[in-house]
Amino acid sequence: MIRPVQKRFLLRCGALAVALVCAACSGSGGTPAALPPTSTAPSSPVKPFDAPPDAATVGDTVANDMKMWVAIHVKGGDSQKAKLDLQLNHDSAGGTVETGGLAMQLLRVGDKIWVKFNKGMADAARLSAKAFAAVDGKWVPTDSRMAGIFREGLSRALDFDFFVGAISDDLDRPGYSEGEPADLAGTPAVRYRNGSRAIYLKRSGSTYELVRYESPTQGTLDFSGGDPVPLQAPPAAEIYSGPGS
C-alpha cells in the first residue's frame, strides 16, 4: 500500500523530487521580482535592473515569484528513487510518476482524479488476477473502492498550490553562494549553490526565472512555466465502470 504523500514528499521524490519546484521558465506567468531603486546614495552603487538576484535574497525572490505562477511543467528526479513528468494547472493536472518501482499515469480535472491501472498498481492495490484483467489499461477514479488507497497521496501530488508551497518552502532558506555563470544545454544560466544543492535561473526579459533544481540526494528537476495546458477527463470508454468503481 502506498503511504500518504507528506508535504516533503515532492522534495524526496526528485527534488521535490516530487517538490520539487517549480518554475518560472520561458514565458512564465510569474510576476517579476521587484526592481531595485533607480537611484541610491553615492555610497551604495546602483544595481542594474537586469542583474541576477543577490545571493542573500535569491531564495526569497524565487519563492515569492513561484507563488505567482499560473502553470508548471516539471520533469526529472532521481532515477534510483523517483521520476516525474507532470503538467500542473490550477484546475487540472496530469502526467507520470515513478517511485519505488511503481509507474503511475495520472490525470486530475477539478477534484476528480483518475489513475491508469497497470500490473504494478494492481499489485499495490492487492487486486486478484480477475479484477486486474477488468481494469488493465483503464482509467480508474480514485474515489472508487478499487483505487481508493491512492487518493490521498495523489490528491496532493497533483495539487498546484501544494506543489508550489512545498517547493518554495525548500528554496526560501539562507546560505546561497554568489551566482556563477552556467550552461544548460546551450542556454545561459546563473547557478547558486547552497550546500550540496543548487538552483539555476535563466534570464527572461528584465528578470530571472528558476529553471532547474539539483541535489545529489534528491536528483534534478527541470521546470518550465507559462499558460495552463488544457487537460480533459478520459473518454468514457476508457474509464472503468465495473464492480468496485
Side-chain angles (χ1 to χ4, degrees), residues 1-25 28-30 66-77 82-100 102-118 120-122 124-125 135-169 221-242 244-245:
M1 178 172 179
I2 294 180
R3 298 181 193 172
V5 179
Q6 301 302 320
K7 186 170 186 180
R8 308 261 321 163
F9 162 79
L10 296 185
L11 296 169
R12 291 195 198 108
C13 283
L16 253 247
V18 160
L20 291 247
V21 161
C22 281
C25 270
S28 169
M66 254 175 36
K67 293 173 183 177
M68 301 302 294
W69 297 331
V70 297
I72 301 160
H73 182 208
V74 56
K75 183 176 182 179
K83 294 188 292 183
L84 64 155
D85 186 346
L86 295 173
Q87 173 67 37
L88 301 174
N89 308 317
H90 281 286
D91 62 354
S92 60
T96 58
V97 172
E98 297 181 36
T99 181
L102 182 63
M104 296 175 281
Q105 190 171 348
L106 317 170
L107 180 62
R108 174 180 69 83
V109 176
D111 294 329
K112 189 79 171 181
I113 299 173
W114 294 268
V115 178
K116 179 170 279 191
F117 259 64
N118 54 34
M121 298 197 69
V135 299
D136 186 15
K138 293 283 189 178
W139 289 99
V140 181
T142 58
D143 56 2
S144 67
R145 178 164 50 85
M146 187 168 285
I149 67 166
F150 303 109
R151 181 167 182 79
E152 182 178 357
L154 297 184
S155 65
R156 294 186 181 186
L158 296 176
D159 183 276
F160 181 94
D161 293 328
F162 178 85
F163 187 94
V164 170
I167 295 297
S168 59
D169 284 352
L221 290 181
D222 290 321
F223 308 94
S224 59
D227 295 330
V229 177
L231 296 172
Q232 298 180 338
E238 297 179 13
I239 299 176
Y240 176 70
S241 59
S245 63

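Being a predicted model, the structure only gives us computed values, none of them experimental.
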Student: Between Met66 and Ile72, is there a side-chain heavy-atom distance shorter than 4.5 Å?
Tutor: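 Contact flag for Ile72/Met66 side chains = no.
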Student: Let me see the working for Lys75 and Leu84 under side-chain contact (heavy atoms from CB on, under 4.5 Å), right down to the final yes or no.
Tutor: CA-CA 5 Å; Lys75 183 176 182 179; Leu84 64 155; over 6 Å; no
Student: Side chains of Pro228 and Val70: closer than 4.5 Å at any heavy-atom pair?
Tutor: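 Yes, at least one pair of side-chain atoms sits under 4.5 Å.
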Student: Taking atom types as modelled, find out whether His73 and Asp85 have a side-chain donor-acceptor pair closer than 3.5 angstrom.
Tutor: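 Yes.
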Student: If you take all heavy atoms of Val74 and Phe163, which pair is closest and at what distance?
Tutor: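 Residues Val74 and Phe163, closest heavy atoms: CG1-CZ, 3.7 Å.
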Student: With a 4.5 Å cut-off on side-chain heavy atoms, are Val97 and Gln105 touching?
Tutor: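 Gln105 does not reach Val97 side chain to side chain.
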Student: Hey, are the side chains of Trp139 and Phe117 touching, using non-hydrogen atoms and a 4.5 Å cut-off?
Tutor: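 No, too far: nothing below the 4.5 Å cut-off.
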Student: Which atom pair, heavy atoms only, marks the closest approach of Asp159 to Ser155?
Tutor: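 Between these two residues, the closest heavy atoms are CB-O, 3.2 Å.
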Student: Check for a donor-acceptor pair, side chain of Arg108 on one end and backbone N or O of Ala157 on the other, with a separation under 3.5 Å.
Tutor: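 Such a contact is absent between Arg108 side chain and Ala157 backbone.
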Student: Assess whether atom CG of Asp111 is packed by more than 12 heavy atoms of other residues, nucleotides or ligands within 6.0 Å.
Tutor: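 Not more than 12 within 6.0 Å, no.
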Student: Begin with the C-alpha distance, continue with both residues' side-chain angles, and end with the deciding distance and a verdict on side-chain contact (heavy atoms from CB on, under 4.5 Å) for Leu107 and Ile113.
Tutor: CA-CA 6 Å; Leu107 180 62; Ile113 299 173; over 6 Å; no
Student: Minimum heavy-atom separation for Lys116 and Gly137, please, with both atom names.
Tutor: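 Distance-wise, the nearest heavy atoms are CE-O, 3.8 Å.
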Student: Any side-chain heavy atom of Val109 sitting closer than 4.5 Å to one from Asp91?
Tutor: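 No; the side chains remain at least 4.5 Å from each other.
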Student: Under 3.5 Å, side chain of Lys138 to main-chain N/O of Ala237, donor-acceptor pair present?
Tutor: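 It does hold such a pair.
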Student: Please report the closest heavy-atom contact between Ala71 and Gly226, naming both atoms and the distance.
Tutor: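 The answer is CB-O, 3.5 Å.
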Student: Do Arg156 side-chain atoms and Leu158 backbone N/O form a donor-acceptor pair below 3.5 Å?
Tutor: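 Checking the backbone N and O of Leu158 against the side chain of Arg156, no donor-acceptor pair under 3.5 Å is found.
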Student: Taking Ser168 for its side chain and Gly165 for its backbone only, find out whether a donor-acceptor pair lies under 3.5 Å.
Tutor: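 Such a contact is found between Ser168 side chain and Gly165 backbone.
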Student: Hey, is the main chain of Ala103 close enough, under 3.5 Å, to the side chain of Asn118 for a donor-acceptor pair?
Tutor: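 Pair found, side chain donor or acceptor close to backbone of Ala103.
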Student: Does Ile239 reach the side chain of Trp114, with side-chain heavy atoms less than 4.5 Å apart?
Tutor: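 Yes; the side chains approach each other to less than 4.5 Å.
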Student: For residues Thr142 and Val115, determine if any side-chain heavy atom of one lies less than 4.5 Å from a side-chain heavy atom of the other.
Tutor: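 A side-chain contact exists here, since the closest heavy-atom pair is under 4.5 Å.
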Student: Would you mind reporting whether Met104 and Thr99 have side-chain heavy atoms less than 4.5 Å apart?
Tutor: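 They are in contact (side-chain heavy atoms under 4.5 Å apart), so the answer is yes.
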Student: So how far is it from Leu231 CG to Leu106 CG, rounded to the nearest 0.5 Å?
Tutor: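 If we round to the nearest 0.5 Å, Leu231:CG and Leu106:CG are 11.5 Å apart.
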